[in-house]
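One structure below.
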Protein chains: 2
Amino acid sequence: MRADAKRNRDRIVEVAREVFREHGYDASLDEIAKRAGVGAGTLYRHFPTRDALLDAIMQSWVDRVNEATEKALAFEGEDRELLIGWFETYASLISLHKGGPAKITSAMGNPDSPIVSKCQVLTAASQRVIDRLEADGALRADVDAVQVCQLVGGVATVADNADQPVSAVRPLLEVVADGMLR
Amino acid sequence: MRADAKRNRDRIVEVAREVFREHGYDASLDEIAKRAGVGAGTLYRHFPTRDALLDAIMQSWVDRVNEATEKALAFEGEDRELLIGWFETYASLISLHKGGPAKITSAMGNPDSPIVSKCQVLTAASQRVIDRLEADGALRADVDAVQVCQLVGGVATVADNADQPVSAVRPLLEVVADGMLR
DNA sequence: ACCTGAACACCGTTCAAGT
DNA sequence: ACCTGAACACCGTTCAAGT
């Protein structure tokens, strides 16, 4: 890739992150191009779809997911608290910007989504939490990681749609946790 | 209201119901006007916002909610089955068209929403189911109707976003039910 | 009083011309 | 090889003119 192409690409991703945070996932791509100082065609050349741009944005976000997972697993205390804590972390992680929770959760379990690899990072993280609880014998046998991601994603979507912080839906997360635990 | 105005209004609602079912809640309002055989301005005169049109569509839908509630309450069997059955019914009721679950669920508990009255119909219905279960002593004390609507609405939104039928998310509804029951 | 539809604004997407 | 930005298409919304 040519140096100027790489520079443009990086700049677009950086600006997109900013604009998505400000205006949500439905933000104007034209504004992103303008703020990045490139023509509209350049944006489309690098990212043929809106989702491709989202995928690029989430590249650096993977590190944060892994960090948060380690932190959750290091928690020493009651299983219920661990689980609810992870739910809150998970919900926050997918609340990158308005429209994010719905976008990510609907991609969950869909192998054709342009952001599959990012969903896998999330399901893998949830799987690790589940494994830890399963080892404690604290879990009902029939829950899998994708279901957990969908459920918590659904709750996060509720909060996002209502323009409320994740903390506002904590009672819902507690119900979900209780439904999963023995 | 003049006779021709009423005729136009009714026609718009009827067509909107059809078009929303076909193309989801984001369908083009222009297409609705065209199919209804009215000018774009006429649609805007009767329904200044997209939500006002949705509210009108849901007018007749209220009867269906009440019917379904009676049917759910008439169920004789285990509490768990009753609750899961109601969840499935609820999820189907708010899946009027693509985008419906998110729209309705985000309006839940927001007094300024243009479709508040419709949300109240839903929460009242859920409250009746909750009351029945509470009388049986089957419920955890700390669940209210709005929370139930939000949780089940969140699950319905997951199904809707992934273009899947309500039946596909039944395992998630079971987890929610188990979280609510003693 | 109500309706029509042209006009405007806005945004996504493409592509010919330029470097 | 990559970029630009004008051009096109599409849709929401308004409003002057018509009945």
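None of the values given here were measured: they were computed from a predicted structure. Convention: sequence-line order gives letters A, B, ...; per-chain numbering from 1.
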Distance check needed: [N] [atom2] versus [X] [atom1], whole Å only.
X     : N      : atom1 : atom2 : answer
B:I12 : C:dT4  : CD1   : C1'   : 12 Å
A:L43 : C:dC15 : CG    : C1'   : 16 Å
A:F47 : C:dT13 : CZ    : P     : 15 Å
A:R7  : D:dT4  : CZ    : P     : 10 Å
A:R35 : C:dC11 : CZ    : P     : 13 Å
B:K34 : D:dC10 : NZ    : P     : 10 Å
A:D30 : C:dA9  : CG    : C1'   : 13 Å

Inset, instruction - Identify, between B:R2 and B:G41, the residue whose nearest nucleotide on DNA chain C lies closer to the 5' end. - result: B:R2
Inset, instruction - Please tell me which of A:A40 and B:K6 maps to the more 5' nucleotide of DNA chain C, matching each residue to the nucleotide holding its nearest heavy atom. - result: B:K6
For the pair [X] (side chain) and [Y] (backbone), establish whether a donor and an acceptor sit closer than 3.5 Å, ignoring hydrogens and angles.
X      : Y      : result
B:S106 : B:A102 : yes
A:D51  : A:P114 : no
B:R80  : B:D178 : no
A:R50  : A:A27  : yes
A:R17  : A:I57  : yes

Inset, instruction - Mind telling me whether A:H97 and A:Y25 have parallel, tilted or perpendicular rings, with 30° and 60° as the class edges? - result: parallel
Taking only the side-chain heavy atoms of [X] (C-beta and beyond), determine which of [options] contains the nearest atom.
X     : options              : value
B:L29 : D:dT4, C:dT4, D:dG12 : D:dG12
A:R45 : D:dT13, D:dC3, D:dA1 : D:dC3
A:H46 : C:dC3, D:dG12, D:dC3 : D:dC3
A:Y44 : C:dC3, D:dT4, C:dG12 : C:dG12
B:D4  : C:dC3, D:dC3, C:dG12 : C:dC3

Inset, instruction - Carefully, step by step, assess A:R9 and A:T42 under the rule side-chain hydrogen bond (donor to acceptor under 3.5 Å, both in side chains). - result: CA-CA 9 Å; A:R9 209 199 108 102; A:T42 302; over 6 Å; no
Inset, instruction - Please list, by residue number, the residues of residues 14-28 of chain B whose heavy atoms come closer than 4.0 Å to an atom of DNA chain D; answer none if no residue qualifies. - result: B:A27, B:S28
Legend entry - Sugar-phosphate, base or nothing in reach of A:R50, heavy atoms under 4.0 Å: sugar-phosphate
Legend entry - Residue-phosphate contact under 4.0 Å: A:N8 side-chain N/O, D:dC2 OP1/OP2: no
Inset, instruction - Decide, yes or no, whether a salt bridge links B:E67 with B:K71 under the criterion of side-chain N to carboxylate O below 4.0 Å. - result: no
Inset, instruction - Kindly determine whether B:E70 and B:N66 satisfy side-chain hydrogen bond (donor to acceptor under 3.5 Å, both in side chains), including the steps that lead there. - result: CA-CA 6 Å; B:E70 296 304 334; B:N66 290 329; over 6 Å; no
Legend entry - Intra- and inter-strand pairs of DNA chain D in dot-bracket (Watson-Crick or G-U wobble, both distances under 3.5 Å; | for another strand): ||.|||||...|||||.||
Inset, instruction - Take atom NZ of B:K98 as the centre, draw a 6.0 Å sphere, and report whether it contains more than 12 heavy atoms from other residues, nucleotides or ligands. - result: yes
